[in-house]
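Okay, structure first, notes after.
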Amino acid sequence: MIRLSKLARNLTPEIAFTVLAQARALKSRGKDVVELEIGDSPFATTPHAKEAGVRAIRDNQTGYGPSLGLPSFREAAARFVSTEFGYPATAENIVVASGAKPFEQYFAEALIDPGDGVLLFSPHFPTYIPNLERRGARAVLAPLRVEQAFRPQAEDVRKFLATDPRPRAIFLNSPHNPTGGVATHDDLAAIADVVRGTDTMVFSDEPYCHMVWSGRHASILSQPGMLDHCVAAYTFSKSYSMSGWRMGFAVAHPDVVAAIGKLINTAVSCSPPFVQEAARAALEHDAATRDEYMERFRKKVDRLCDGLEKVEGVGVVRPAGTFYVFPDVRPICNRLGIVSHGLAMYLLEGADDGFGVACLGGECFGEAGQGFLRFSCAEPDERIDQAMAFLPDALGRRDRIAKYLEANPQYVLKQPYPEA
Ligand SMILES: Cc1ncc(COP(=O)(O)O)c(C=O)c1O
């Protein structure tokens, strides 16, 4: 019998990838599944990035590189965030890793000690807590409320700093996965006012920085003094359809950058140089394609919302950003006696033998997400329409729901969700 560590025994992985594996397994057995579970792009990687990546491989840029990233990439990234988001970064502030996600771990390892308190706004991205657990930190949750358009409140930060025995950090994620909430410039200014003058560090997770559907993305780093308090994480996965390349970077104080460089050195050595060349080309030459993709995503989000609004019992708050829609399905769950992730799994597995829709229950993002579903826009338009047309029919098949709950009693709703 293998004895795993306590961390490995208790680790909760990102459920989107588990549902993705289930959806793909069903597809391989012939089921037609519309996959709206994973936050990926249906578009090809932007053209200059693709070309530069292939060229760099041909030019044999295939060996090790500096742990912090190629100097040419770091300079390009600094120029990009300075012009795009309006804060004064230089190459010294930039460190490269395989997407935005690894920076959750590096942030925790570089800045957090066991027993430190870390404020998360919840629902939250599911890997935040496992990465805090790696360091024995305490996650402290503050709710994001639908009535406040899922925007983080400075008052919650103030309360956390005033009452926690060892407050150390806060996690922000705007635009927000899964709710689509977007923090305004004023929200961030108010939070920065609370953080400034303390030793609090902020992990500002900004993978959806080009998916703000009205106005522009605001980063807390553009608030005075915040470069000394923050690690802001960016990725090429969403803006440039490069999720499989695994490429992202963070912006932070040079001392934090150097510490993360040491962590990278001891964990993965460096990021592939040809991937960084592809990403630099994306930053420098693919803005037009990126913006065209973002416009297509905006239309897909509208399409998904239009479809969901037609389903009885579904409450839709149109997302201010991201390519997710997070509808309130509490009345449906209460009527059918099923928890929200059970409802999601029923739509995939139980509702029909030949057709299914993959999505996630809100509880995959913490208890605060209970009673909601998360749909992404990762499929072509006509497939989104097909999925939406399927929902009312699937929700009316009472015999199928009863059978599904009988076979999966873990999804029975024991107490009705409080409705809005
Ligand atoms: C909030 C949030 N953080 C981090 C990530 C991870 O991004 P990447 O795939 O670039 O590591 C995602 C991806 O869905 C996300 O939604």
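Whatever order the structure lists ligands and atoms in, that order sets their numbers, starting from 1.
Ranking the protein heavy atoms by distance from atom 1 (C) of ligand 1 puts D205 OD2, 3.2 Å first. Distance from atom 12 (C) of ligand 1 to its nearest protein heavy atom, with residue and atom name: F125 CZ, 3.4 Å. Taking atom 16 (O) of ligand 1 as the reference point, the nearest protein heavy-atom neighbour is Y208 OH, 2.5 Å. Nearest protein heavy-atom contact of atom 14 (O) of ligand 1 is K238 NZ, 2.8 Å. Among all protein heavy atoms, the one lying closest to atom 7 (O) of ligand 1 is A100 CB, 3.9 Å. Atom 10 (O) of ligand 1 has T235 OG1, 2.5 Å as its closest protein atom, hydrogens excluded (heavy atom only).
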Please assess V140 against F160 for the test side chain to side chain contact (heavy atoms under 4.5 Å, CB included), listing each intermediate value before the final yes or no.
-> CA-CA 8 Å; V140 178; F160 166 67; 3.9 Å; yes
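Environment of NZ in K300: crowded, with over 12 heavy atoms of neighbouring residues, nucleotides or ligands closer than 6.0 Å.
Because its NZ or CZ atom is both nearer than 6.0 Å to the ring centre of Y324 and within 45° of the ring axis, R374 counts as a cation-pi partner of that residue.
At least one N or O atom of R246 sits closer than 3.5 Å to an N or O atom of ligand 1. Every N/O-N/O distance between Y128 and ligand 1 stays at or above 3.5 Å.
Heavy-atom proximity to N173, at under 4.0 Å, picks out these atoms of ligand 1: 1 (C).
A heavy-atom distance below 4.5 Å is found between the side chains of F125 and E14.
Evaluation of the ring-ring contact (aromatic ring centres under 6.0 Å, His included) test over residues 255-274, restricted to residues two or more places apart or in two chains, returns none.
The aromatic rings of F203 and F171 sit tilted, their planes meeting at an angle between 30° and 60°.
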